[in-house]
Amino acid sequence: MRPAARSTSGADLLASAARYLPGGSSWMWSLPPDLAFVVDRGEGSRLWDTAGRAYIDYVLGSGPVLLGHAHPALVAAVQAQVEKGSTFQWLSEPMVRLAELICEAVPCAEMIRFVSTGTEATMLAIRVARVFTGREKVLKFEGGWHGIHDYAMVGNWAGSEAPYPAARPDIGGIPKGAVESVLVAPFNDLATTEEIVALHGREIAAIIVEPLQRAIPPRSGFLQGLRDLSRRHGIVLIFDEVVTGFRLAWGGAQEFYGVTPDLATYGKALTCGFSLAAIAGRADLMETANPARKGTLDWALLSGTLSGNPLACAAGLAALGELRKPGVYARLAQLGTSLRDGITAAARRQGIPLQALGEGPIAQPVFLDPARPVASERDLRAADGTRATRLGLELIRRGIFVTPGGKMYLSLAHSDEDIAQTLQALDDALRVS
Ligand SMILES: Cc1ncc(COP(=O)(O)O)c(C=O)c1O
């Protein structure tokens, strides 16, 4: 069938999206018809849709856009690079310089390999651990998100009712072998994790954890406990820093929480909006990617056609150049605190049981009495998720773009007035959701 004639009208584009994109969506949620829109452009903290409506953006492309949309330093860097070529697969100056900079910034990073997405990064970090240890299993935490590869789509959601450490697939199409190689532990529960490791330790190649799991902070001692446990059992500890990297602190969650893993994965804020991700870590682990090992089973191939392309690496250099400026992380922390405090204050005024999870420039409203603090995915099940989704939709109706029921991401482009405007809309949205 021939595509319809092109038009920039929102209605036409939405009709075409519904026709040509599954669910009329680009990701795992869609909006009801009265709120659906197509993005025309973004600038700073704002988005505009093709019908001309403006939104304060707290989705930020699912987190990457930590500097705000179309940041001039990124635009200039990418424009300068694109004229020199966009991909070579081979070494380029932006790639090498970015590798140096990340290894300077990140405590665990002695060497690095670039890939294109966070999914690839976590999948391949697990591969490195398997090659290095000769073991197969990976232990992850219930509710931890590591992308959409087969080992990651296990034990994430509330539907997974299996007792620990058995895991259920979250979606279709996950082979039994993949499911059987994953063990699931409850986040922030070191004692249960230790029991699982005591039983399966010799089979476990890696423990992978989001140091800040979604918006749930680690309990004091939990990450250090994982560090000690993994060391005792010869297990590779992987911090998935796809969200926390260059966001919570210049050195990411490992600097913020003061625990250094063996490997860490990066994406999102690394380039503030371009296709680049990375696996970084101890040199002896990263050496498994050395092409001199080709032809042996000691080799962990980690790469792809566009991995580390100079366009994305130039964007990464420009982004990190902005993020390493003085005061950046204090400002991001302040923005997060104002938003979280504002959300809880609004709920308190209205007598609504709600807590705002998160750390740094991340906030997630959760409809659960603050007397029951959330420390795990199972704790979250007691919260009213339907109400959180309704709140999100009401915010979108009021020009505040959020992932309904999910996290809100802040950028350096968000102003205090943006927060004030958002909290005003939230006050109103809470009354009707
Ligand atoms: C912690 C974490 N790890 C990995 C991923 C996967 O990254 P990507 O969507 O780039 O594949 C995500 C994506 O949201 C994430 O939040």
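Quick note: numbers below take in every heavy atom, side chains included, and nothing from hydrogens, waters or symmetry partners. One-based numbering, in listed order, for ligands and for the atoms of each. Quick caveat: nothing in here was measured; it's all calculated off a predicted structure.
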Query raised in the report: Does Glu241 have a heavy atom less than 4.0 Å from any atom of ligand 1?
Result: no
Query raised in the report: Mind checking whether Glu120 has a heavy atom under 4.0 Å from ligand 1?
Result: no
**Report entry** Test side chain to side chain donor-acceptor pair (under 3.5 Å) applied to Tyr58 and Thr422, step by step
**Finding:** CA-CA 10 Å; Tyr58 293 94; Thr422 301; 2.5 Å; yes
Under 4.0 Å to a heavy atom of [X] - the qualifying atoms of ligand 1, by number:
X	value
Trp145	1 (C), 2 (C), 3 (N), 12 (C), 13 (C), 14 (O), 15 (C), 16 (O)
Thr117	10 (O), 11 (O)
Asp240	1 (C), 2 (C), 3 (N), 4 (C)
Glu210	1 (C)
Gly118	6 (C), 7 (O), 8 (P), 10 (O), 11 (O)

Any salt bridge linking [X] with [Y]? Criterion: basic side-chain nitrogen under 4.0 Å from a carboxylate oxygen.
X	Y	result
Glu394	Arg398	yes
Asp240	Lys140	no
Arg46	Asp418	yes

With nothing but distance in play, are any N or O atoms of [X] less than 3.5 Å from an N or O of ligand 1?
X	result
Val242	no
Thr119	yes
Lys268	yes

Query raised in the report: Going by heavy atoms in the side chains, are Asp150 and Pro175 under 4.5 Å from each other?
Result: yes
Query - From His146, Arg214, Gln213 - option closest to atom 16 (O) of ligand 1 by heavy atom - result: Arg214
Query raised in the report: So, does Asn309 use its side chain to make a donor-acceptor pair with the main chain of Leu306 at under 3.5 Å?
Result: yes
Query raised in the report: With a 6.0 Å cut-off on ring centres, are Tyr55 and Phe37 close enough?
Result: yes
Report task. Verify side chain to side chain donor-acceptor pair (under 3.5 Å) between Gln224 and Arg227, making sure each step is shown before the conclusion. Result -> CA-CA 5 Å; Gln224 186 58 50; Arg227 176 64 288 181; over 6 Å; no
